[in-house]
Protein chains: 2
Amino acid sequence: MKQLKIKCWIEADGEKYYGPGPHELLKQIQKEGSLSKAAEKMHMSYKKAWAMVQRLNQFSEEALVILKKGGQHGGGAEVSPYALEIMKEYDTLQLKVKQLIDQEGKLLKFLK
Amino acid sequence: MKQLKIKCWIEADGEKYYGPGPHELLKQIQKEGSLSKAAEKMHMSYKKAWAMVQRLNQFSEEALVILKKGGQHGGGAEVSPYALEIMKEYDTLQLKVKQLIDQEGKLLKFLK
DNA sequence: AACCGATATGTTTACAAATACATAACGCTT
DNA sequence: AAGCGTTATGTATTTGTAAACATATCGGTT
């Protein structure tokens with residue numbers, strides 16, 4: 001079974017910072033309200049998830065993730081309204097990419 | 001400076017075997033007529049290039065690279081006519097992919 | 001038969017990335 | 001002030017990948 005695959009991401013200063021991984025992380029943060037729980041759900045170490053959030057915030061015009069420590073529930077994480085816009089843009093981009101591979105995949109003889 | 005990037009490849013049985021790397025390797029083999037020279041040009045170890053060729057041949061209907069050892073010039077490598085077809089298909093696919101990112105990149109607000 | 005330049009293959013070493021472990025810091029609640 | 005759950009950060013360990021090194025193999029030429 002052969003398959004055509006495509007992946008797209010955003011680079012800032014030659015360094016990739018927004019792609020499938022960070023996109024999924026943002027969705028988990030939105031769902032869990034916690035960076036540590038989001039990392040666990042993705043089977044990713046907390047350190048890696050934390051570093052990912054730093055890059056996301058650093059290279060964006062506005063912060064994508066707001067982290068809070070201490071407080072009632074010990075702290076937490078949430079995605080900013082700006083992040084929601086970006087996530088939506090990335091989703092629609094992925095949709096168009098998927099349409100392309102579905103269309104072009106049929107034309108490739110070496111997929112057989 | 002932010003940039004939208006995209007990459008496409010072919011997987012066989014969930015394992016990626018044809019992508020930018022192998023594609024470039026085939027072009028170098030075609031130019032050099034030698035696997036070791038092609039690997040050197042790509043700053044890649046001979047072992048890695050050799051393993052890449054094995055995967056390419058294994059997952060393809062017909063062999064993509066013909067390796068010959070011994071003989072007048074010690075041996076050599078060449079791409080098959082079938083490989084030329086695949087390389088051409090991949091080139092046109094990349095072109096269409098590039099057109100997509102050029103088109104969609106303008107619509108993304110978070111590229112600014 | 002000896003030589004040559006390329007492929008073929010195994011072993012070792014080096015490096016990078018991810019994880020695991022440990023601990024501190026924070027702020028609300030009680 | 002003590003406890004809690006989370007973020008924040010440093011260090012050590014593991015893991016996986018790539019390169020480096022060594023050697024064997026092949027087949028034509030001389």
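Just so it is clear: chains get the letters A, B, ... in the order the sequence lines come, proteins before strands, and each one is counted from 1.
Here D:dA8 presents its C1' atom at 17 Å from CE of A:Met52, a figure rounded to the nearest Å. Protein atom CG of A:Leu67 is 19 Å distant from nucleotide atom P of C:dA25, rounded to whole Å. The OH-C1' distance, from A:Tyr46 to C:dT23, rounds to 13 Å in whole Å. One atom, CE of A:Met42, and another, P of C:dA18, lie 12 Å apart when rounded to the nearest Å. Atom C1' of nucleotide C:dT7 and atom CD of B:Glu78 are separated by 14 Å, given to the nearest angstrom. In this entry the distance linking CD of A:Glu40 with P of D:dG5 reads 14 Å, nearest Å. Counting to the nearest Å, the P atom of D:dC21 and the CH2 atom of B:Trp50 are 21 Å from each other. Separating the CE atom of A:Met44 from the P atom of C:dA18 is a distance of 9 Å, rounded to the nearest angstrom.
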Under the criterion side-chain contact (heavy atoms from CB on, under 4.5 Å), I'd like the reasoning laid out for B:Met87 against B:Tyr18: C-alpha separation, chi angles, the key distance, then a yes or no. CA-CA 10 Å; B:Met87 291 164 71; B:Tyr18 197 101; 3.6 Å; yes
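Between B:Lys2 and A:Glu11, none of the side-chain N atoms (NZ, or NE/NH1/NH2) sits under 4.0 Å from a carboxylate O, so this pair counts as no salt bridge.
Within the structure, every side-chain polar atom (N or O) of B:Ser45 is placed at least 4.0 Å from both OP1 and OP2 of D:dA20. Here A:Ser36 reaches the OP1 or OP2 of D:dT7: one of its side-chain N or O atoms lies under 4.0 Å away. Neither OP1 nor OP2 of D:dG27 sits under 4.0 Å from any side-chain N or O of B:Lys69.
Nearest to the side chain of A:Lys48, among C:dT9, C:dT19, D:dT6, sits C:dT19. When distances run from any side-chain atom of B:Gln72 to the nucleotides D:dT6, D:dA8, D:dG28, the shortest one goes to D:dG28.
Sequence neighbours left out, the pairs with a member in residues 99-108 of chain B that pass side-chain hydrogen bond (donor to acceptor under 3.5 Å, both in side chains) are A:Lys96-B:Glu104, B:Lys98-B:Asp102. Among residues at least two apart or in separate chains, side-chain hydrogen bond (donor to acceptor under 3.5 Å, both in side chains) pairs with a member in residues 31-51 of chain A are A:Glu32-A:Lys41, A:Ser34-A:Ser36.
Mapped onto DNA chain D by nearest heavy atom, B:His43 and A:Leu35 fall at different nucleotides, with A:Leu35 at the one closer to the 5' end. Each of B:Gly33 and A:His73 was assigned the nucleotide of DNA chain C with the nearest heavy atom; the assignment lying further toward the 5' end belongs to B:Gly33.
Nucleic acid contact for A:Lys47: base, since at least one base atom lies under 4.0 Å from a heavy atom of the residue. At a threshold of 4.0 angstrom between heavy atoms, the contacts of B:Gly70 include nucleobase atoms, whether or not backbone atoms are also involved. Contacts of B:Lys37 with the nucleic acid, taken as non-hydrogen atoms under 4.0 Å apart, involve only primed sugar atoms and P, OP1 or OP2.
Because its NZ or CZ atom is not both nearer than 6.0 Å to the ring centre of A:Trp9 and within 45° of the ring axis, B:Lys5 does not count as a cation-pi partner of that residue.
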